[in-house]
Number of protein chains: 2
Amino acid sequence: MIDATLIARPVTTAQQVHDWLHQRILRGDLPPGARLSETDIADQIGLSRQPVREAFIRLASDGLAEVRPQRGTYIGKISARAVLSARLIREAVESDLARMVAGRQADLAAMEAELGVQDRANARGDVAEFIASDDRFHGAMALAAGQAAVWQDLERLKSQMNRLRHMSMRVFDRSETIGQHRAILTALQAGDADAAETAVRTHLRQMLTELPQIAAAHPDYFTD
Amino acid sequence: MIDATLIARPVTTAQQVHDWLHQRILRGDLPPGARLSETDIADQIGLSRQPVREAFIRLASDGLAEVRPQRGTYIGKISARAVLSARLIREAVESDLARMVAGRQADLAAMEAELGVQDRANARGDVAEFIASDDRFHGAMALAAGQAAVWQDLERLKSQMNRLRHMSMRVFDRSETIGQHRAILTALQAGDADAAETAVRTHLRQMLTELPQIAAAHPDYFTD
DNA sequence: TATACCATACTTCCATACCAGTAAAGTCTT
DNA sequence: AAGACTTTACTGGTATGGAAGTATGGTATA
């Protein structure tokens, strides 16, 4: 048995450049508003400008960069409007997913496991790992609802939120987040759809209070 | 007062090529699975391959095309999984939006107007206009909820569904769709959040019955 | 001092040439 | 005739050069 994802995947250089930059942007290594230069990056990694340019185009499609013709390419600032929109969508979708999970006998072991990971990451102050585990927790819920594809579709929206979270994580205590996660899981285990929905909405509304504070602390990283 | 959107908008050739192909794909002029050739299109519109190539990259990011390195570029087939995922997301989000609209004194004139447009388009058999009006109807609801940005974020997902609808519209009678739209509007006007949510969910679940029939009629246009 | 102008040094955008991988037609061998 | 191998004609991927537009800083002028 051959893994089709391997034979069908001659990853191009442009794709690798894109992935590299994508990760750096999400982690906050490349701050919002920073300037990107085709030539600089090309020289830096020993390539021609072309693959770098194509990576920029992909980033722009991701909503992470902005190419201004004949002017320059910049890391997109975090749009408060976009974050709020993404949050609303997640709340709506994950509420429904939670109801679906609560209504069936789903395997919740994966979600349970992530709670432990988050405890340890929080204790270590490992921001990146905490965020990754947080994502896996929510992804596991989508999987338990039999809707893995839905989680994939939200990727683009999650990107914007994750950039914000890399900033907020350094400011806020995450034990509260873990508690909210546990509340969700408990409701799901009890098969209580109403409680699960409430827990999900409460959890995702947390960002409504955090966003203004983060934005106030880094005004140059945001647009309205 | 100068319109900033005008001075800041030197539309590149690649962008125009992208928009052109994007529209043709959504309208079904370019059928799923069709082959795209950089050289063919470049010759056809009198350009070099480069801008066409960059348009392909954008289309791939849109999820409308697939670039297979060293093999060829193809119009993406319609993924049944993706359509179902998009449908679920829309049902979740628009349910919440409907509740928001029902709970406030919103201006619903725009939605009302689209119902008339749909009546006339349906009578004429104008598929494209009907779909456009359908989109505007749902978009007006998002606007009435004060969440225009949310509707923008769903654009990518709507693309996949719209391709499907261009096929289904020729098969199904749309008067039922109009009736469902009216049910939504009536509930909103009455300020009945529960009825509005139910009407929205009923309306968007229509696709669950249509998708299998469309897919069966055009098996070569779909992947699982 | 303030302002208009202009030369210059960038930037991205597009055209062209070349490279590498794929697939299918054609040829040879058995 | 059937199979394996070779050739050839494509495909997209990358490199490079120059064109077009923009920002910047200096300079002349009022």
Side-chain angles (χ1 to χ4, degrees), chain A residues 2-22 25 30-77, chain B residues 2-22 25 30-77:
Chain A
I2 300 176
D3 186 342
T5 63
L6 288 181
I7 52 178
R9 184 148 343 185
V11 176
T12 67
T13 311
Q15 183 65 48
Q16 296 180 49
V17 175
H18 166 268
D19 292 347
W20 180 60
L21 291 173
H22 185 96
I25 294 173
L30 294 171
R35 178 181 203 134
L36 291 175
S37 164
E38 289 182 0
T39 46
D40 282 359
I41 294 181
D43 293 347
Q44 190 176 333
I45 53 185
L47 284 168
S48 74
R49 299 184 329 256
Q50 200 54 39
V52 176
R53 172 178 175 73
E54 300 187 353
F56 284 7
I57 293 173
R58 288 176 162 90
L59 288 173
S61 285
D62 295 338
L64 296 178
E66 182 187 1
V67 179
R68 296 208 286 227
Q70 323 297 24
R71 297 190 179 196
T73 300
Y74 300 84
I75 305 292
K77 296 199 176 187
Chain B
I2 300 175
D3 187 343
T5 63
L6 288 181
I7 50 177
R9 175 94 64 127
V11 175
T12 66
T13 310
Q15 183 65 47
Q16 295 179 51
V17 175
H18 166 269
D19 292 348
W20 180 60
L21 292 172
H22 184 96
I25 294 174
L30 294 171
R35 177 180 202 130
L36 291 174
S37 164
E38 289 181 0
T39 43
D40 283 359
I41 294 180
D43 292 347
Q44 190 176 332
I45 53 186
L47 286 169
S48 76
R49 281 174 39 212
Q50 199 54 41
V52 177
R53 172 180 176 73
E54 299 185 355
F56 284 9
I57 292 174
R58 288 177 164 89
L59 288 173
S61 285
D62 295 337
L64 295 178
E66 182 186 0
V67 179
R68 295 208 287 228
Q70 319 297 4
R71 297 190 179 196
T73 300
Y74 301 85
I75 305 291
K77 296 199 176 185

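Naming convention: chains lettered A, B, ... in sequence-line order (proteins, then strands); numbering from 1 in each chain.
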Whole-Å distance separating the [atom1] atom of [X] from the [atom2] atom of [N]:
X: B:L36; N: D:dC10; atom1: CG; atom2: C1'; value: 16 Å
X: B:D40; N: D:dC10; atom1: CG; atom2: P; value: 11 Å
X: A:R35; N: C:dT12; atom1: CZ; atom2: P; value: 7 Å
X: B:E66; N: D:dT11; atom1: CD; atom2: P; value: 17 Å
X: A:R53; N: D:dG18; atom1: CZ; atom2: P; value: 18 Å
X: A:L47; N: C:dC19; atom1: CG; atom2: P; value: 17 Å
X: B:E38; N: C:dG21; atom1: CD; atom2: C1'; value: 14 Å

Below 4.0 Å: OP1/OP2 of [N] and any side-chain N or O of [X]:
X: B:T73; N: D:dG12; answer: yes
X: B:R71; N: C:dA23; answer: yes
X: A:R49; N: D:dA15; answer: no

Working to the nearest 0.5 angstrom, can you tell me the gap between [X] [atom1] and [Y] [atom2]?
X: A:R35; Y: A:I75; atom1: CZ; atom2: CD1; value: 12.0 Å
X: B:T13; Y: B:Q50; atom1: OG1; atom2: CD; value: 11.5 Å
X: A:L21; Y: A:D62; atom1: CG; atom2: CG; value: 10.5 Å
X: B:E54; Y: A:R53; atom1: CD; atom2: CZ; value: 4.0 Å
X: A:I25; Y: A:L59; atom1: CD1; atom2: CG; value: 4.5 Å

> Where the side chain of B:S48 is defined as all heavy atoms beyond and including C-beta, which of C:dT16, C:dC13, D:dA15 is the nearest nucleotide?
Replying inline: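 Nearest to the side chain of B:S48 among the choices is C:dT16.
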> Between D:dT16, C:dA15, D:dG13, which nucleotide gets closest to the side-chain atoms of B:Q70?
Replying inline: D:dG13
>> For a quick check, tell me whether the side chain of A:R68 and the base of D:dG21 share a donor-acceptor pair closer than 3.5 Å.
In response: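 By the distance-only test, no, there is no pair.
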> With a 4.0 Å cut-off on heavy atoms, is B:I57 in touch with a base, just the backbone sugar-phosphate, or nothing at all?
Replying inline: nothing
>> I want to confirm an ordering. Mapping B:S37 and B:Q50 to their closest nucleotides on DNA chain D, which one lands closer to the 5' end?
In response: B:S37
